[in-house]
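Worth knowing before you read on, the calculation uses all heavy atoms, side chains too, and leaves out hydrogens, waters and symmetry mates.
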Amino acid sequence: MSDPIIKIESMNKWFGDFQVLKDIDLEVEKNKKIVVCGPSGSGKSTLIRCINRLEEHQKGTIIVDGTELTENTKNIEAIRAEVGMVFQQFNLFPHLSILDNCTLAPIWVKKMPKKEAEELAMKQLEQVQIADQAQKFPGQLSGGQQQRCAIARALCMEPKIMLFDEPTSALDPEMIKEVLDAMVNLAKAGMTMIVVTHEMGFAKEVADEVIFMDEGMIVEKAETKEFFANPKSDRTKLFLSQIL
Amino acid sequence: MNKLNFLRPDIENLNTYLYSGIFLISIAILDVSLSSFFNTNITSFLPNFISFLLPLILGTIGLHFIRIEFSGIKKLDLLNKNINTNTFNAVLTLLIIFAIIKSIPPFLSWFIIDATISGDTKEACTGTGACWTYIKIWLNRFIYGMYPNELQWRINLSFIALIGLAFVGLIPSEKIKKFLTLYYVVIYPIIAFVLIYYLISGGAFGLEWVETGAWGGLSLTFIVSFFCLIFCFPVGMFLALGRRSDLPTVRYISVGFIEFWRGVPLITVLFMSSVMFPMFLPEDFFMDKLVRVIIAISLFEAAYVAEVIRGGLQALPRGQYDAAKSLGMGYWKMHIFVILPQALKLVIPGIANTFLALVKDTPLIFVVGLLEIVGMLNLAKTNPKWLGYAMEGYVFAAIIFWIICYAMSKYSYNLEIKYKTDR
């Protein structure tokens, strides 16, 4: 068994007086795909935002790829450069074309030559099938296309880990599939992924493990088949009965 | 021919109504125009009261006749929809048209017909209109201030050079385009400073030194506005970022700075910059009055610019910060490539507002004895030979300022359109 690429130990986080995350322990091995589910307000998004320190945790340790997340800005930036993230609201840069969205970080963060960055970006856009939109601006694209561009943008940094924060929740139903397809392809290519989603079909198809969270705690963590066939806690059973 | 009902114009008799309506409106406008331009009243045979109201009545009836919905004539429909929806609006429309016609002759006669421009002395101005002779004689002073006449080519040369250099951005070459931002933000201001320092101020290369107290008029307006605009923008930007910083020291310094400069009137700032500030300087340290004024106005306006830019920063969704951070960008990269381009685009109208206000605040530098165009006007109007022509002077200044400000405002609209990338 190899060393886990993400290691979280008894991590706690508060928003003011309110404790959002309680004693989270989690280990993710390389190339594993984890799906995090749970009711809204259960802290799933906060958990994965802590992994690239968009949120600060107050207690416990998070170690990503051998580096502990501390106040050290250099470490944080280094970790963020190798942890890609896809957001619910896409968060593309509206003032840049699709291509520039993808090449911005490789050029300025990884110091990649412009030509090389553009080739890489076109390759990634090809992967998510929006290469023909490269010169357009985000505002001219549909939600599904924007989200696929966001995936391509994150991949252009050639990350070791990809975090997905409810990537399909803001999309029209008929656009969800195109985004999920892109994610399935990515999973099959062997990317380490942590996905917060309500798409149980996606979880069944690609996830190695499913985590169920409620009220800031990990209630259940099990292999995918086990999780759906034989959930242990009553809370999980209730959740699954409502959502499936 | 269909039956005519004059109370309800309809589309069947479109042409009849249209022609009679236009005829009535024309008579109304002709009547007003004649009385306005030639002082003749073609309806003087009628009782006074009716004669006075006749154009309005005729015009209202005329507009009533042409108020035909879906006439199929595009211009008529447009007219009816916008200024002729009902009788009340028709009356308002007519009143506005009459008011414009009535106000043209006095304007024309003051500006052109009864105005004087010939001659070299006050005595040439005998008409009842404006005395443009006054502006003509003083024009040189209004533009160059007290700058010696034989040296004015130096101002002309540097301004022409600067205008020429401002168009470098239009050269369609990929090689140059990369450096345009650098050029406009850093190199151009430096060139401007060097030109003004060596050419206008002089004192080197065999050029006679002209002290800044002698500078003035429109050229000084341009110099002060130009440098204040260039300095206040970056300072304001850093203040805006500072006010949102996570570092308490930076934040409190920014807040303190902004609130101090926003809290004091510009005129006191200028006064202090010239009177109090030198007291705090070492004895052998000399800073020119003009430099002090430019710094004072820049810092003052920077506080306003900072708040405008902060408004833009706050309008950006948090997701933009998240996305930039998640790609591994640090504070400066995030702001330079993601946050500021969007925020600045949002606040172009606000920045233009502040900049226009700045240009129009420059006359206040008279408190430290620098006389730009309005200052020169005030000086000229107290000249014993030319007493009583303040009006012409202020109208002239108003026109000049309006041209400058309108150009700036147009430019800001163009920028808005140029940087519009959403739908």
For [X], is it the side chain, the backbone, both or neither that has a heavy atom under 4.5 Å from a heavy atom of chain B?
X        : result
Ile76(A) : neither
Glu77(A) : both
Val83(A) : backbone
Phe87(A) : side chain

| task | Answer with side chain, backbone, both or neither: which region of Lys333(B) has an atom nearer than 4.5 Å to a non-hydrogen atom of chain A? | result |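 Only the side chain of Lys333(B) comes within 4.5 Å of chain A.
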
| message | I'd like to check Val305(B) versus Met237(B) (side-chain heavy atoms, cut-off strictly below 4.5 Å). Are they in contact? | response |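 They are not in side-chain contact.
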
| Close side-chain approach of Thr168(A) and Gln147(A), heavy atoms under 4.5 Å |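 Thr168(A) does not reach Gln147(A) side chain to side chain.
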
| field | Salt bridge Lys32(A)-Glu27(A), side-chain N to carboxylate O under 4.0 Å | value |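 Salt bridge between Lys32(A) and Glu27(A), a charged N being under 4.0 Å from a carboxylate O: no.
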
| field | Heavy-atom donor-acceptor pair, Tyr188(B) side chain to Leu162(B) backbone, under 3.5 Å | value |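 The answer is yes, because a donor-acceptor pair under 3.5 Å joins these two groups.
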
| said: Tell me whether Gln146(A) contacts the main-chain N or O of Pro138(A) through its side chain, where contact means a donor paired with an acceptor under 3.5 Å. | reply: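 A pair under 3.5 Å: yes.
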
| query | Does atom CZ of Phe15(A) have more than 12 heavy-atom neighbours from other groups under 6.0 Å away? | reply |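 Yes - once you tally the heavy atoms of other residues, nucleotides and ligands closer than 6.0 Å, there are more than 12.
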
| Flag if over 12 foreign heavy atoms under 6.0 Å of OH, Tyr321(B) |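 Result for OH/Tyr321(B): enclosed.
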
| Could you name the residues of residues 43-67 of chain A that have a heavy atom within less than 4.5 Å of a heavy atom in chain B? |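 The residues closer than 4.5 Å to chain B, in numerical order, are Arg49(A), Asn52(A), Leu54(A), Glu55(A).
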
| task | Return the orientation label for the Trp402(B) and Tyr406(B) ring planes: parallel under 30°, perpendicular over 60°, tilted otherwise. | result |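 Parallel: the ring planes of Trp402(B) and Tyr406(B) meet at under 30°.
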
| query | Is there a donor in the side chain of Gln19(A) and an acceptor in the side chain of Asn12(A), or the other way round, less than 3.5 Å apart? | reply |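 Yes, a side-chain donor-acceptor pair sits under 3.5 Å.
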
| task | Against chain B, work out which of Leu92(A), Asn91(A), Val86(A) has the most heavy-atom pairs shorter than 4.5 Å and name it. | result |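 Looking at each of Leu92(A), Asn91(A), Val86(A) in turn, Asn91(A) comes out on top.
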
